[in-house]
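All chains are named by letter (A, B, ...) in the order of the sequence lines, taking the proteins before the strands, and each is independently numbered beginning at 1.
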Amino acid sequence: MSEIAEHTGTRKKGFFAWIARWLFTTNHKEIGTLYLVLSGIMLLVGGSMAMLIRAELFIPGLQLVQPDFFNQMTTMHGLIMVFGVVMPAFVGLANWMIPMMIGAPDMALPRLNNWSFWILPFAFTILSSTLFLEGPAPNFGWTMYAPLSTTFGPASTDYLIFSVHLMGISSIMGAINVIATILNLRAPGMKMMRLPIFVWSWLITAFLLIAVMPVLAGAVTMMLMDRHFGTSFFNAAGGGDPLLFQHIFWFFGHPEVYIMILPAFGIISEILPTFSRKPIFGYKFMVYAIACIAFLSFIVWAHHMFVSGIPMAAELFFMYATMLIAVPTGVKVFNWVSTMFKGSLTFETPMLFAIAFVILFTIGGFTGLMLAIVPADYQYHDTYFVVGHFHYVLVPGALFSIFAAIYYWLPKWTGRMYNERLGKWHFWLSAISVNITFFPMHFLGLTGMPRRIPDYALQFTDFNMIASIGAFIFGLTQLLFLYNVVRTMFSRRTDNLPDNVWEGAHGLEWTLPTPAPAHTFALPPEVK
Amino acid sequence: MKNKTCGVRFNWLSRISLSLIGCLVGLLGHVTPAFADLKLNMLPGVTPLSKDIYDLHMVILLICVFIGVVVFGVMFYSIIKHRKSKGAIPAQFHENTVVEMTWAIIPLIILVIMAIPATIVIRDMHDTADSEVTIKITGYQWKWKYEYLDQGISYFSNLSTPYSEIHNEKPKNKWYLLEVDKPMVVPVGEKIRFLITSNDVIHSWWVPTLGVKKDAVPGFIHEAWAKVDKPGTYRGQCTELCGANHGFMPIVVIAKSKAEFAQWVAQQHGDKAKQVVASDKSYSKDELMKMGKAAYDKHCAVCHKVDGSGMPPAFPALKNSPVATGPIAKHIDVVVKGVSGTAMQAFGSQLSDKDLAAIITYERNAWGNNKGNGGMVQPSDVKAAKGQ
């Protein structure tokens, strides 16, 4: 990249110098790049596991893998996609963009920033190594329900626990850094209610991370205690309760869901106004809605446990609280549509992904509302209906927003425009195949197919085949994206892009030169 | 009954929704006959609760479809009309508190209206009082145990799909993976209370057409109930990941008329008496090997494999194993009492003495394990070992 090129003159050359540079970097842009590269690699790893799962489910019967290995794949796929792809990608975007959006020279705590990142490769190496050790890798689902993960868990579970601790430390430090940066390093005149919505969304996300990652750490530590130190937190025979695990896990897990979607809301709220050439509709309501969703995310966790035997009063409370989330989420969707309404729209790749996000995320939101209705949830729970639901919010939701963000800011980062034609191919193939993959899952769930099974009854064959074909197309399509990004990054051409790459873009990052030099806003800009 | 009135209350809604969905599916079916038998939606089921659930499902689905059509309609209108390429000049409005409050409050009202019938159905679901039959359901890795507490009947229900179908050696039958050796039998028209628990990990007992899904949690007993309207066979599966063979523990419920149910109960008592007699009988080695192969394939092969190779290290191989080639007493002990801290269960409480004797004999003589004179185990040996 060109900011690298700018510095090579003053830097030592050679392999070790190159390694040392990336290992010891405290530059927010370089660390942002590292996070995004890690996320891309993990996307390939987690995606390959998904391909294997869909290949096994292509037809009934056991063909490619044994049930125990199938369970290892679903477990690792979930963990890697959540902790290895979506979260690092958002942290990478935060690193790159927050200082540039608020007029700060770097993140507030650059060395902490370096450490937050470099913990992650080790965490994922430890997690992935379980696949190559003797005995099964973790095979109890990413939710790690006790006692399947404690009394009955394979030896590799301890690796998982250690790895989760590392990820938690990384996330907490990253979150502290984001909060410190946003609260302390804003340029003069950048008042809180002038912050770009992406920055707001990350500020709130960071508080969620600080609140819940320690809870997850507590849950896995209790698992460790039950496994090796004779405690019985989750063992009824020793006076514990298996449901305690679920309560603790989902007290982490539901805010975690919003950790994976709030930054996406922020990204979409940047992109839609740009390509609509019209300011975001209802800035204040958009910010309040994010805060409101974040608050509600702490009091809805037991909606993941409606059939687990919780009392009726709990079912009622958690149903009402969960249904309430539809209100702020609805406000966001309505405001996005109003932003587009009477704008002057163009459809570059980031905009296409943003529009697809609004539609497909909303479909995921609708099924989420359906799942909140307790009696109906008795039929939907733990079926492919749920698999369809959360993949709609995570793939055309979180993942599409990441694609949109990378296409949107890549020209600013590299100084070169990505290949628009290839970007459009990537979009259309992804948008079509993602629906071929995940829409039929709703039908499968409604007609009775449980999730996390390696083999199924004959009545489910047709839709499984369709879903698998969609998944293969979707998987292959992502290679187009990687090719497009890598080519833009390493191309030698210079595009002479203007500072404001997109006609309708506003915000401090677009006042910087393109490509953004290694050090920006050494002197704070004046925000009027 | 209150749940009936509840069903009536949104009958008109469900009727509209049904006809809408019906039109859509019918249209699809008309255009492409191949799709005519594709199943898309939840079934209304055969119990009052399952019908209420179905109605709620259709109402909330329709609300979502309606909101979706409106929101996406406006969006596509903008996409088509307000393009720069069509010379659209952007308006600059960016705020309207009244409008925004309105579209926060309208959904809130819709949600409150939706929450009322849902609350009524939840109350009914938890009302397990006045049941006429009580069945205790216990989840095991990977089978279900059914105990009729008032009738004194108790048995295990295992997957009956043969290994060869799962491994694509034979064509799959119609009820592939949804068939069991001994289904649960219930009377129609009577309120049945289920007491659900587990012996090892968390399972979940789900029969969609009965509208019952409840987690089986070790150490806790959860309740659910059903009242089946019409006789028939209803199928379901375990829906909580419970280990390697989570996908292979189906549920089959047969609903019979009250008279037929009484007959079935009587027959179960007769079978039990026969089993006691069978424990005292002696069998030839050939008989034991034949019965042992059948019982082994059914109860043991999911973990230890048909060829005895197992899935080490969690499920050790039996071929040339120290247990199967070592002393008989130790072998009986492992099978009858299980190995604590591992997935090996205590089969003494799950299988008959005859089956256990046959399985142990088979394990000691199959796959070349009989080099050191494998030996033979009679039901009486198992009975004696259990008594210790």
Side-chain angles (χ1 to χ4, degrees), chain A residues 60-62 67-68 71 135-136 141 145 147-148 152 236-237 242-243 277-279 281-282 285 307-309 312 315-316 320 323 326-327 330-331 333-334 337 340-346 359 366 369-370 373-376 378-379 381-382 443 446-448 450 452-455 457-459 462, chain B residues 38-42 52-53 56-57 60 64 68 71-72 74-75 78-79 82-84 88-91 94-95 100 103-104 107-108 111 115 118-119 121-122 125-126 166-168 172 176-178 201-202 204 208 213-215 217-220 222 237 239-241 243-247 311 313:
Chain A
L62 295 176
D68 196 46
N71 290 345
Y145 277 13
L148 192 60
F152 295 79
L243 283 195
R277 292 165 182 75
K278 191 164 157 280
F281 184 79
F285 270 72
V307 304
S308 69
M312 182 168 87
E315 287 187 344
L316 291 175
Y320 301 149
M323 290 170 81
V327 175
V331 166
V333 173
F334 299 146
V337 173
M340 290 168 67
F341 192 73
K342 293 212 166 168
S344 174
L345 276 62
T346 52
I359 297 173
F366 283 144
L369 181 59
M370 294 169 77
I373 309 291
V374 173
Y378 270 60
Q379 296 286 31
H381 182 84
D382 261 340
F443 302 139
L446 290 176
T447 51
R452 292 169 165 172
I453 55 173
D455 195 4
L458 300 183
Q459 72 194 78
D462 297 326
Chain B
L38 271 190
K39 294 187 183 74
L40 297 172
N41 199 8
M42 189 188 283
D52 286 346
I53 292 173
L56 281 174
H57 159 71
I60 188 76
C64 289
V71 174
F72 300 150
V74 174
M75 192 173 174
S78 301
I79 290 175
H82 305 140
R83 290 170 173 253
K84 196 187 174 199
I89 310 285
H94 57 88
E95 200 158 44
E100 289 177 87
W103 64 42
L108 194 65
L111 292 177
T119 305
V121 178
I122 293 174
M125 292 179 121
H126 283 265
I166 297 171
H167 288 82
N168 310 309
K172 298 172 179 23
Y176 175 72
L177 294 189
L178 292 177
V201 300
I202 301 176
S204 192
K213 182 188 282 158
K214 206 69 164 179
D215 281 3
V217 180
F220 293 84
H222 296 141
Q237 283 176 268
T239 50
E240 182 63 61
L241 178 62
N245 289 313
H246 162 55
M311 290 185 273

Here the pair of heavy atoms bringing V201(B) nearest to P147(A) is CA-CG, 3.8 Å
Less than 4.5 Å to any heavy atom of chain A: does that hold for the side chain of M75(B), its backbone, both, or neither? both
What distance separates D455(A) CG from I166(B) CD1, expressed to the nearest 0.5 Å? 6.5 Å
Against chain B, work out which of Y320(A), F366(A), Y145(A) has the most heavy-atom pairs shorter than 4.5 Å and name it. F366(A)
Please answer whether the main-chain N or O of V331(A) pairs with a side-chain N or O of E100(B) as donor and acceptor at a distance below 3.5 Å. no
Heavy-atom pairs under 4.5 Å with chain A: which of S204(B), A104(B), G219(B) has the most? A104(B)
What one should report as the nearest heavy-atom pair of P60(A) and Y176(B) is CB-CE2, 4.0 Å
Give, as side chain, backbone, both or neither, the part of V71(B) having an atom under 4.5 angstrom from any heavy atom of chain A. both
Most contact-rich option vs chain A, by heavy-atom pairs under 4.5 angstrom, among V217(B), L177(B), N245(B), L178(B), is L177(B)
Which residue out of L345(A), T447(A), L62(A) racks up the most heavy-atom pairs below 4.5 Å with chain B? L345(A)
Per-residue contact mode, F334(A) against chain B (heavy atom under 4.5 angstrom): both
At a 4.5 Å cut-off on heavy atoms, which part of F341(A) comes close to chain B: side chain, backbone, both, or neither? both
Please state whether the side chain, the backbone, both or neither of I359(A) comes within less than 4.5 Å of a heavy atom of chain B. both
Max heavy-atom pair count under 4.5 Å with chain A, selected residue of I202(B), L108(B), V74(B), I53(B): I53(B)
To check you understand the geometry: which heavy-atom pair defines the closest contact between Q379(A) and M42(B), and what is its length? CB-CE, 3.5 Å
Roughly how far, to the nearest 0.5 Å, is the NE2 atom of H381(A) from the CG atom of D215(B)? 5.5 Å
For S344(A), is there any backbone N or O sitting under 3.5 Å from a side-chain donor or acceptor partner on K84(B)? no
So which of G141(A), S308(A), A376(A) has the biggest tally of heavy-atom pairs under 4.5 Å with chain B? S308(A)
If every non-hydrogen atom of H82(B) is compared with every non-hydrogen atom of K342(A), which pair is closest and at what distance? ND1-N, 2.8 Å
Applying a strict 4.5 Å limit to non-hydrogen atoms, the region of H57(B) in contact with chain A is both
When you measure from the side chain of K278(A) to the backbone of A91(B), do you find a donor-acceptor pair of N or O atoms at a distance under 3.5 Å? no
What is the distance from atom CE of M312(A) to atom CD1 of I122(B), rounded to the nearest 0.5 Å? 8.0 Å
Engaged part of N71(A) at the chain B interface, taking heavy atoms whose separation is under 4.5 Å: side chain
For Q237(B) and P450(A), work out which heavy atoms get closest and say how close. OE1-CD, 3.3 Å
Output for pair (D382(A) CG, H246(B) NE2), nearest 0.5 Å, gives 7.0 Å
Contact check, side chains of E315(A) and H126(B), non-hydrogen atoms, under 4.5 Å: yes
With rounding to the nearest 0.5 Å, note down the distance linking CD1 in I373(A) to CD1 in I60(B). 4.0 Å
Selection from G343(A), A237(A), A236(A) maximising heavy-atom pairs under 4.5 Å formed with chain B: G343(A)
What are the two closest heavy atoms between K214(B) and Y378(A), and how far apart are they? NZ-OH, 3.1 Å
Measure I89(B) against the heavy atoms of chain A and call it side chain, backbone, both or neither at under 4.5 Å. backbone
Under a 4.5 Å cut-off applied to non-hydrogen side-chain atoms, are L369(A) and L111(B) in contact? yes
With chain B as the partner, which of L316(A), L243(A), T346(A) has the greatest number of non-hydrogen pairs under 4.5 Å? L316(A)
